[in-house]
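Only heavy atoms go into these numbers, but all of them, side chains included; no hydrogens, no water, no symmetry mates.
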Amino acid sequence: MKYLFAFFIVAAGSLISCNNETKEASSEQAVDSAKAEKKTEYLSQPLVSNIYTADPSAHVFNGRIYVYPSHDTATGTKEDDLGSHFDMRDYHVLSMDSVGGPVTDHGVALDIKNVPWAGRQMWAPDAAYANGKYYLYFPVKNKQDVFQIGVAMSDKPEGPFTAEKQPIKNTYSIDPCVFKDDNGKFYLYFGGIWGGQLQRWNNNKYDSTAKNRSKDEMAVLPRMARLNTDMKSLAEPVKEIKLLDKDGKLFGEKDNDKRFFEAAWVFKYNGKYYFTYSTGDTHLLCYALGDSPYGPFTYQGVLLNPVEGWTNHHSIVQFKDKWYLFYHDTQLSGKTHLRNVKVTELKFNPDGTIQTLTAQK
């Protein structure tokens, strides 16, 4: 909250105010007091407060909700548009028997020092269960400072996880999301522009000199590929996902309130595939519908308005007879890189559209 202070300078019998207004001290105090009493009302409260968490990927394993978030830390790294201040170094796993019930922090599930190929910045992860194992998918910069996606395994959903010695071949950028279709096939979705480096990848080739798209260019498209049954490799070349407007046209970078920025999350509801994502610099969570896990996906609208903090990142999961949106904001710290994860119920209209949520007022 910002306060307006009036500074008075008395000189040569003149009174000059820094904002050209003169206020009595008592009046100023009354205004400040009124502002202090006006507190933000939040839709939900942080799941945990012992650590800072973000980017929650939620899954139901063995009848229990497990949440795989980023673990935010204050390392003192300078803020920039590439997200260098998001300097995460390990992952924790959270779990709960019910929404609103006690939440368990299972401690460190994977540390960057135990990933042989990793350099820095462990960003938003996801998880899956197959072959009697639990798989943790995570983006981290390699020794050459290029984001790739790794995988680690465990016998338990909470870990600890053991990382493969190399990243998943032909993967890149950030924000992995693993979706299991009704036929048992798994698909890996990923990508994020700006600091997520997706704009540097064209035709699956890396160009370190590539810049962010200009307003008159087409927007960068998210990526996906089917996973092999080993869950540790891709079964096909990486493909672009077409994200279309209602007229069937691809979005341009100028459409930054609708185009993809990061945070892909895919789920299925009433026979339709929902591709949900963040618009990044306009801070919205949006969704699009398709008839195939490959898309194309047609934009439908906003599912969550901007939260406190710069980023907006989420997951959506069904638990028993309800659907829930897991998301984050900065209620605990007020700092954009020190976030806290939350959950609220998500509701669908009869036609399959999602009711838009606002996290604070």
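Every ring pair (Phe, Tyr, Trp, His ring centres under 6.0 Å) that Phe275 has, sequence neighbours left out, goes to Tyr277, Phe297. Scanning for ring pair (Phe, Tyr, Trp, His ring centres under 6.0 Å) contacts around Tyr134 gives Phe61, Tyr129, with sequence neighbours left out. Residues that satisfy the side chain to side chain donor-acceptor pair (under 3.5 Å) test with Asn114, not counting sequence neighbours, are absent from this structure. By the side-chain contact (heavy atoms from CB on, under 4.5 Å) test, Asn270 is found to be paired with no residue, residues two or more places apart in sequence or in another chain being considered. Partners of Lys180 under the salt bridge (charged side-chain N to carboxylate O under 4.0 Å, His left out) rule, at least two apart in sequence or in another chain, do not exist in this structure. Residues that satisfy the ring pair (Phe, Tyr, Trp, His ring centres under 6.0 Å) test with His328, not counting sequence neighbours, are absent from this structure.
Counting only heavy atoms from C-beta outward, the side chains of Val146 and Gln197 approach each other to under 4.5 Å. Side-chain contact between Met88 and Ile112: absent, with no pair of heavy atoms (C-beta onward) separated by less than 4.5 Å. Residues Arg259 and Ile193 have side chains in contact (heavy-atom distance under 4.5 Å, counting atoms from C-beta outward). Annotation: side chain of Lys232 is in contact with side chain of Met153 (closest heavy-atom distance under 4.5 Å). The shortest distance between side-chain heavy atoms of Trp194 and Glu262 does not fall below 4.5 Å. Gln121 has its side chain out of reach of Arg89: every pair of non-hydrogen atoms, C-beta onward, lies at least 4.5 Å apart. Side-chain contact between Leu188 and Pro176 is present, with heavy atoms from C-beta onward closer than 4.5 Å. Looking only at side-chain heavy atoms (C-beta outward), Val99 and Ile65 come within less than 4.5 Å of each other.
Here the side chain of His85 pairs no donor or acceptor atom with the backbone of His337 at under 3.5 angstrom. No donor-acceptor pair under 3.5 Å is formed between the side chain of Ser44 and the backbone N or O of Lys342.
Counting non-hydrogen atoms of neighbouring residues, nucleotides and ligands closer than 6.0 angstrom, the NZ atom of Lys211 reaches no more than 12 such neighbours.
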Side-chain donor-acceptor distances from residues 156-168 under 3.5 Å, at least two apart:
none

For residues 45-55, which side-chain N or O atoms pair as donor and acceptor with protein atoms under 3.5 Å away, sequence neighbours left out?
from  : atom 1 : to     : atom 2 : distance (Å)
Gln45 : OE1    : Gln331 : NE2    : 2.9
Asn50 : ND2    : Asp105 : OD2    : 3.0
Thr53 : OG1    : Val341 : N      : 3.3
Asp55 : OD1    : His313 : ND1    : 3.4
Asp55 : OD2    : Ser70  : OG     : 2.6

Please list every donor-acceptor pair under 3.5 Å in which a side-chain atom of residues 236-245 meets a protein atom from a residue at least two apart or in another chain.
from   : atom 1 : to     : atom 2 : distance (Å)
Glu236 : OE1    : Lys239 : NZ     : 3.3
Glu236 : OE1    : Tyr294 : OH     : 3.1
Glu236 : OE2    : Arg226 : N      : 2.8
Glu236 : OE2    : Tyr294 : OH     : 2.9
Lys239 : NZ     : Pro237 : O      : 3.4
Asp245 : OD1    : Asp247 : N      : 2.8
Asp245 : OD1    : Gly248 : N      : 3.0
Asp245 : OD1    : Lys249 : N      : 2.8

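Cation-pi check for Lys258 over Phe251 is not met; the charged atom does not lie both under 6.0 angstrom from the ring centroid and within 45 degrees of its normal.
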Step by step, would you call Val108 with His71 a side chain to side chain contact (heavy atoms under 4.5 Å, CB included)?
CA-CA 10 Å; Val108 176; His71 177 200; over 6 Å; no
Would you please test Ser278 and Thr311 for side chain to side chain contact (heavy atoms under 4.5 Å, CB included) and show each step?
CA-CA 8 Å; Ser278 170; Thr311 64; over 6 Å; no
Does Val140 form a side chain to side chain contact (heavy atoms under 4.5 Å, CB included) with Gln148? I'd like the steps, not just the answer.
CA-CA 6 Å; Val140 65; Gln148 289 186 272; over 6 Å; no
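Ring planes of Phe138 and Trp117: parallel class, angle under 30° (limits at 30 and 60°). Between His283 and Trp310, the angle of the ring planes goes over 60°, which puts this pair in the perpendicular group of the 30/60° scheme.
Here ring-ring contact (aromatic ring centres under 6.0 Å, His included) pairs that include residues 201-234, with residues two or more places apart or in two chains, are Tyr172-Trp201, Trp201-Tyr206. The stretch residues 71-86 participates, sequence neighbours left out, in these salt bridge (Lys or Arg N to Asp or Glu O under 4.0 Å) pairs: Asp72-Arg339.
Under a 4.5 Å side-chain heavy-atom criterion applied to ILVMFWY residues, the cluster that includes Leu289 comprises Leu43, Trp265, Phe267, Tyr269, Tyr274, Leu285, Tyr287, Leu303, Leu304, Val307, Ile316, Trp323, Leu325, Tyr327, Leu346, Phe348, Ile354, Leu357 as well.
Note that OG of Ser57 is 10.5 Å distant from CZ of Phe326, once rounded to the nearest 0.5 Å.
Side-chain N/O atoms of Tyr135 and Asn131 include a donor and acceptor closer than 3.5 Å.
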